[in-house]
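Okay, structure first, notes after.
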Amino acid sequence: MRSTWFVHGSAVAATLLLGVSGPLLMTAQAWPVQAAHLVLSAGWSWAALAFGLGTRARSLAGSAALGTYALVIAVFAYYLVKAAQGQFETMDMSDPADPAAATYFSWHGFLSATLLWSLYACLLGPLLGMAGYAARRGPCRTPYLWVVPAVAVAETTLRLGAEGAWADPVVVATWTTVRVLAVLALAAATARPFVLRLRSRPAAARDHRDTPARPAPPTPEDR
């Protein structure tokens, strides 16, 4: 029971940290912090969160639940911080004489963004959580180990194609580095079963060699 509470408590802490870190680091000037903001706000990072929590679940249903509510909590934390930063403040242009008095909080913008991404979380969270569970406990783990690196490669490739020409050098360097690491992770996941098989062969051969030979049964002549 204690381990179950620990897993769920860790899941909540990790989701809150991910949800608030992205927008809080957005205005930083130092390039390492900018790179951290880009990584923590990326879709593949959120996919990795649900996937990683799925690996800690004790059942397939538990992994689906962990992945789902983790992403939903992260979405609400993200948009609550964005709201506190003034992201959803808008101006009523019908009274341009007093802009301060005409500024108001757009509940429509806040709720529409939060509910839309919560819907995506409910759709993708179970799949990512169960993929994490299968990657650790399933009979065929390699295809599931491809999930997060493949998402990272796809997302960074799309971002570099759309933003690379005019993006800040920190942005280009961050997405390029993530893509290279994701490709290496794909290669490592693909090579994993072959490496395990090669490592198991010498051990099996050594165990067979070290096993003492059984004495031959006596023949009638020996009796």
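Closest approach of Thr15 and Leu53 over heavy atoms only: CG2-CD1, 4.4 Å. In this structure, Leu128 and Ala47 approach most closely via the heavy-atom pair CD1-CA, 3.7 Å. In terms of heavy atoms, Val72 sits closest to Cys122 at CG2-SG, 4.0 Å. Residues Leu49 and Leu18 come closest through the heavy atom pair CD2-CD2, 3.6 Å. The minimum heavy-atom distance between Pro23 and Val81, with the atom names listed, is CG-CG1, 3.6 Å. Shortest non-hydrogen contact noted between Gly125 and Leu71 is CA-CD1, 3.8 Å.
With Gln34 contributing its side chain and Gln29 its backbone, the two residues share a donor-acceptor pair below 3.5 Å. Of the possible polar contacts, none joining the Thr176 side chain to the Ala173 backbone as a donor-acceptor pair under 3.5 Å is found. A distance-only check finds no donor-acceptor pair linking the side chain of Glu155 to the backbone of Ala42 [under 3.5 Å].
If you take CG on Leu17 and CG on Leu24, they are separated by 10.0 Å, rounding to the nearest 0.5 Å. Note that CZ of Arg137 is 11.0 Å distant from CG of Leu60, once rounded to the nearest 0.5 Å. To the nearest 0.5 Å, atom CG of residue Leu145 and atom CZ of residue Arg192 are 6.0 Å apart. Thr27 contributes atom OG1, which lies 6.5 Å from atom CD of Gln85 (distance to the nearest 0.5 angstrom). For the atom pair CZ of Phe51 and CG of Leu124, the computed distance is 14.5 Å after rounding to the nearest 0.5 Å. With rounding to the nearest 0.5 angstrom, the OG atom of Ser63 is 12.0 Å from the CZ atom of Arg136.
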(Q) If you apply the rule side-chain hydrogen bond (donor to acceptor under 3.5 Å, both in side chains), what do you find for Trp117 with Tyr78, and how did you get there? (A) CA-CA 10 Å; Trp117 286 103; Tyr78 179 88; over 6 Å; no
Q: Before giving the answer on side-chain contact (heavy atoms from CB on, under 4.5 Å), spell out for Trp46 and Leu40 the whole-Å C-alpha distance, their side-chain angles and the decisive distance to 0.1 Å.
A: CA-CA 8 Å; Trp46 293 50; Leu40 293 173; over 6 Å; no
Q.
Please determine whether side-chain contact (heavy atoms from CB on, under 4.5 Å) holds for the pair Phe76 and Thr114, giving the CA-CA distance in whole Å, both sets of side-chain angles, and the decisive distance to 0.1 Å.
A. CA-CA 6 Å; Phe76 273 86; Thr114 304; 3.7 Å; yes
Q.
If you apply the rule side-chain hydrogen bond (donor to acceptor under 3.5 Å, both in side chains), what do you find for Trp175 with Thr157, and how did you get there?
A. CA-CA 8 Å; Trp175 294 139; Thr157 300; over 6 Å; no
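Within the 6.0 Å centre-distance limit, the rings of Trp107 and Phe105 are counted as a close aromatic pair.
Tyr133 and Val147 fall into different hydrophobic clusters, where Ile, Leu, Val, Met, Phe, Trp and Tyr residues are linked whenever their side-chain heavy atoms come under 4.5 Å apart, directly or through other members. Cluster annotation: Leu181 is not connected to Trp31 through the hydrophobic network of ILVMFWY side chains, with a link wherever side-chain heavy atoms come within less than 4.5 Å. Follow the hydrophobic side-chain contacts under 4.5 Å out from Tyr144 and you never reach Trp44; the two are in separate clusters. One hydrophobic cluster, built from ILVMFWY side chains closer than 4.5 Å, cannot hold both Val33 and Met26; they sit in different ones. In this structure, Val170 is not a member of the same hydrophobic cluster as Leu160, with clusters built from ILVMFWY side-chain heavy atoms closer than 4.5 Å.
The environment of CZ in Phe110 is crowded: more than 12 heavy-atom neighbours from other residues, nucleotides or ligands sit within 6.0 Å. Atom CZ of Arg179 sits in a crowded spot, with more than 12 heavy atoms from other residues, nucleotides or ligands closer than 6.0 Å.
Contacts of Ala185 classified as side chain to side chain contact (heavy atoms under 4.5 Å, CB included), with partners at least two apart in sequence or in another chain: Pro149.
Residue pairs meeting the ring pair (Phe, Tyr, Trp, His ring centres under 6.0 Å) criterion with at least one member in residues 52-75, sequence neighbours excluded, are His8-Tyr69.
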